[in-house]
Amino acid sequence: MITPPRLRFAPSPTGYLHVGGARTALFNWLLARKTGGKFLLRIEDTDRARSTDDSTRAIFEGMTWLGLDWDEEVTFQGANLARHQRDAHALLASGAAYRDFTTGEELDRLRKDAEAAGEQFRFDRRLAELPADELQSRLDRGDPFTIRFRVPEGATGWVDMVHGQIEFPNKDIDDFIILRSDGTPIYNLAVVSDDIATAITLVMRGDDHISNTPKQILLYRALGAALPTFAHLPMILGSDGKKLSKRHGATAVGDYHGLGILPDAMCNFLALLGWSPGGDREVMTRQELIDYFSEDGLLKKAAVFDATKLEWMNGQHLAQTPIDALDAYLRPFLVRADLTTAEAIAERTEWWHRLLELLRVRARTVNELVAQCRPYFVDEVLYDADAAAKQWKDPAASAELLQAVRERLAEGEWEAGAMETALRALGEARGIGVGKIFQPMRVALTGVAATPGIFDVLLAVGRERSLARLDAAVVHLTRSSIAG
RNA sequence: GGCGGUAUCGUCUAGGGGACUAGGACACAGCCCUCUCAAGGCUGGAACACGGGUUCGAAUCCCGUUACCGCUACCA
């Protein structure tokens, strides 16, 4: 690539930003950032019936969350109506397009007839060929008409960046409408007009657009514009091999935000759907993604979206992201979960980072991580029923044991080595394994059966709170042993 | 139906004529580590859609078949 490319992502605001769109946006962004090119965002809101402001907002939010920043001003396709009309009329004037007075109803009927006759419907250009005087009188009468593109003879092809040479015989392309009878443009015209106006040099999009491409190339030529390079990315499928849709569960990028996926993990995962850096490289930072990204690694085959692998990858990012960056991302979640306040956590950043180091490898999602944080932030300990049932089988015995543990710990230094020595000695004195001591303690201290190492927990909870929790557990167990 | 695209473990993929007894990752199973849970380490099962060519030699190149997907709108 001699000059840096100008790319764009052009979603239509007819719903949330789904993962397929996000992947397309990501690839465009990656290539722009890699090459020093530009990445533009254009909202294709020409379908006024289906476009909504909420959807537009969701697209901005999704892009922002993913960290896909765009260059130049966002453009709205609907704002370019005048140019679209101008281009359509220029084609009409040059003879590349013609007026068609056939109504929608007539077209429907023609299609039904063809279907009934077992034939495929083709638009017959002769339908629109009116004698000059009739044409003029219908124009004078103000009859509505569409503008159709006159598809020339021959074949239309291009060298696709991912697929290589692709060619369509023009005879298989109907004369297609470029301007509706209400004067609004049809997709193919609007896209080409806008891409020419914004000097897009590389059109990278889903391969469901492959069959639109010859039409668009014809339009570029008729408009006298230089062709961009085309790159058609494979689709993203659901686990059943069908195009990803709502019934596959979470398909909006906002869903993954809410599920506790990190933006970098999402980008990393999405990047690997339809692209490979070659070799065994998988977990990559955003910068590595940019560094390694290349058109050579683009794949042709549709990929199945595997949420389980996404979670694994998120776990990898959770464990590897620099602690400060992770902390910054996490704080709002902590506050929202009511575990702390921005002020309170700012006062004990060091303690929090130590805790975060312990928990980050044990969680696959931000939500799991936040849930695991609870016992260290909130004073009240909620005993998990299963954990209590399993680790405190005999309440009276457990109470007595925890009382002994509490006494040993209270006597010594609040330091891992000393505490471990004391508790192992206790185990030996009683002839029981440390697991028989640590597990009941774990429940008393955190309420759950799975946590970081017990001494890390003791340190993270702190001396006073730990002793208080052991006391509380003793009281709780004594009470239930009497009740039982 | 027509046209176009695609085809390696269940999934994501490496592979671009001999280095392939087809490699890695997720998931799964077992083991190790171990106070629990993770993480980590080790081991295992698991794939070149099918049929023809080309070639001394094909997962890799060509053709056909099959399957799947997309388009075939006054949707985008």
Side-chain angles (χ1 to χ4, degrees), chain A residues 10-14 44-47 49-51 77 100 102-104 107-108 111 115 118-122 144-148 160 162-163 166-169 171-174 176-182 184-188 190-191 206-215 232 234-235 237 239 241-243 269 272-283 299-306 308-313 315-316 319 358-364 368 372 387 390-391 420 423-424 427 433-439 441-443 446 448-455 457:
Chain A
S12 50
T14 53
E44 306 215 319
D45 55 352
T46 47
D47 184 347
R50 293 195 298 157
S51 297
Q77 193 159 62
D100 174 20
T102 316
T103 64
L107 250 14
D108 284 345
R111 272 199 197 88
E115 196 185 335
E119 295 162 7
Q120 51 176 315
F121 172 76
R122 309 289 326 257
F145 60 86
T146 60
I147 295 181
R148 270 185 199 270
D160 195 272
V162 351
H163 294 275
I166 300 181
E167 192 172 85
F168 288 76
K171 66 174 172 54
D172 293 324
I173 307 170
D174 264 359
F176 53 95
I177 293 175
I178 54 177
L179 204 66
R180 296 187 185 92
S181 52
D182 67 358
T184 59
I186 285 296
Y187 173 72
N188 283 313
V191 167
D207 66 15
D208 48 340
H209 285 287
I210 284 180
S211 40
N212 278 321
T213 307
K215 297 179 183 176
H232 288 94
M235 302 270 86
L237 275 18
S239 47
K242 299 260 193 285
K243 190 171 170 173
F269 180 73
L272 261 14
L273 256 31
W275 171 73
S276 168
D280 298 337
R281 190 169 276 122
E282 285 214 272
V283 179
L299 272 4
K300 301 174 181 175
K301 201 184 82 166
V304 172
F305 187 91
D306 180 0
T308 305
K309 186 156 184 176
L310 203 211
E311 282 203 2
W312 165 78
M313 184 157 280
Q316 295 293 310
L358 297 174
L359 299 179
R360 66 196 307 202
V361 295
R362 279 166 238 267
R364 289 202 151 192
E368 274 176 31
Q372 288 179 32
K390 183 158 185 218
Q391 305 304 338
E420 179 156 12
L423 293 184
R424 285 193 186 274
V434 288
K436 290 271 188 286
I437 299 177
F438 295 172
Q439 279 303 88
M441 280 176 69
R442 203 181 302 278
V443 178
T446 65
V448 296
T451 75
I454 198 72
F455 302 104
V457 171

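In what follows, chains are A, B, ... by sequence order, proteins preceding strands, each numbered from 1.
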Check whether any side-chain nitrogen or oxygen of [X] sits under 4.0 Å from OP1 or OP2 of [N], and answer yes or no.
| X | N | result |
| --- | --- | --- |
| His209(A) | rA76(B) | no |
| Lys301(A) | rU8(B) | yes |
| Ser211(A) | rC3(B) | no |
| Arg364(A) | rA27(B) | yes |
| Lys243(A) | rG70(B) | no |
| Arg180(A) | rA76(B) | yes |
| Arg362(A) | rU36(B) | no |
| Gln316(A) | rG40(B) | yes |
| Arg281(A) | rA14(B) | no |
| Arg111(A) | rC74(B) | yes |

Would you indicate what [X] reaches in the nucleic acid, counting non-hydrogen atoms under 4.0 angstrom: base, sugar-phosphate, or nothing?
| X | answer |
| --- | --- |
| Lys436(A) | nothing |
| Glu119(A) | nothing |
| Thr46(A) | sugar-phosphate |
| Tyr187(A) | base |
| Thr102(A) | base |
| Asn212(A) | base |
| Thr451(A) | base |
| Gly274(A) | sugar-phosphate |
| Thr308(A) | sugar-phosphate |
| Leu423(A) | nothing |
| Arg122(A) | nothing |

If we take the [atom1] atom in both [N] and [M], what is their distance in whole Å?
| N | M | atom1 | answer |
| --- | --- | --- | --- |
| rC61(B) | rU54(B) | C1' | 8 Å |
| rG30(B) | rA46(B) | C1' | 16 Å |
| rA22(B) | rA59(B) | P | 10 Å |
| rG41(B) | rC56(B) | C1' | 44 Å |
| rA19(B) | rU60(B) | P | 13 Å |
| rA76(B) | rU65(B) | P | 36 Å |
| rG57(B) | rC12(B) | C1' | 31 Å |
| rC63(B) | rG5(B) | P | 11 Å |

Would you mind telling me which of [options] lies closest to the side-chain atoms of [X]?
| X | options | answer |
| --- | --- | --- |
| Glu282(A) | rC12(B), rC69(B), rC35(B) | rC12(B) |
| Leu272(A) | rU6(B), rC12(B), rG70(B) | rC12(B) |
| Leu299(A) | rG4(B), rU36(B), rU13(B) | rU13(B) |
| Asp280(A) | rU6(B), rC12(B), rG23(B) | rG23(B) |
| Leu107(A) | rC74(B), rU11(B), rA39(B) | rC74(B) |
| Ser276(A) | rU13(B), rC74(B), rA38(B) | rU13(B) |
| Ala303(A) | rC69(B), rA76(B), rU13(B) | rU13(B) |

Between [X] ([atom1]) and [N] ([atom2]), how many Å, whole number?
| X | N | atom1 | atom2 | value |
| --- | --- | --- | --- | --- |
| Ile210(A) | rG4(B) | CD1 | P | 12 Å |
| Met313(A) | rC12(B) | CE | P | 14 Å |
| Leu179(A) | rA73(B) | CG | C1' | 15 Å |
| Ile173(A) | rC3(B) | CD1 | C1' | 9 Å |
| Gln77(A) | rC75(B) | CD | P | 13 Å |
| Ile147(A) | rA73(B) | CD1 | C1' | 18 Å |
| Trp312(A) | rU11(B) | CH2 | C1' | 13 Å |
| Asp207(A) | rC3(B) | CG | P | 19 Å |

Can you confirm whether [X] sits close enough to [Y] that some side-chain heavy atom of one is under 4.5 Å from a side-chain heavy atom of the other?
| X | Y | answer |
| --- | --- | --- |
| Phe121(A) | Glu115(A) | no |
| Lys390(A) | Val443(A) | no |
| Val283(A) | Trp312(A) | yes |
| His163(A) | Asp207(A) | yes |
| His232(A) | Ile166(A) | no |

Quiz item: Given Gln372(A) and Arg362(A), is the side chain to side chain contact (heavy atoms under 4.5 Å, CB included) satisfied, shown in steps?
Solution: CA-CA 9 Å; Gln372(A) 288 179 32; Arg362(A) 279 166 238 267; 3.7 Å; yes
Less than 3.5 Å between a donor and an acceptor, one on the side chain of [X] and one on the base of [N], is that the case here?
| X | N | answer |
| --- | --- | --- |
| Gln120(A) | rG1(B) | yes |
| Lys309(A) | rA25(B) | yes |
| Ser181(A) | rC74(B) | yes |
| Asp306(A) | rA27(B) | no |

Do the side chain of [X] and the main chain of [Y] share a donor and acceptor less than 3.5 angstrom apart?
| X | Y | value |
| --- | --- | --- |
| Asp306(A) | Thr308(A) | yes |
| Arg442(A) | Gly453(A) | no |
| Arg122(A) | Lys171(A) | yes |

On RNA chain B, more 5' by nearest nucleotide between Ala363(A) and Pro11(A) is Ala363(A)
Nearest-nucleotide check on RNA chain B, Lys300(A) vs Asp182(A); residue mapping nearer the 5' end is Lys300(A)
CD of Gln316(A) to CZ of Arg364(A), rounded to nearest 0.5 Å, is 8.0 Å
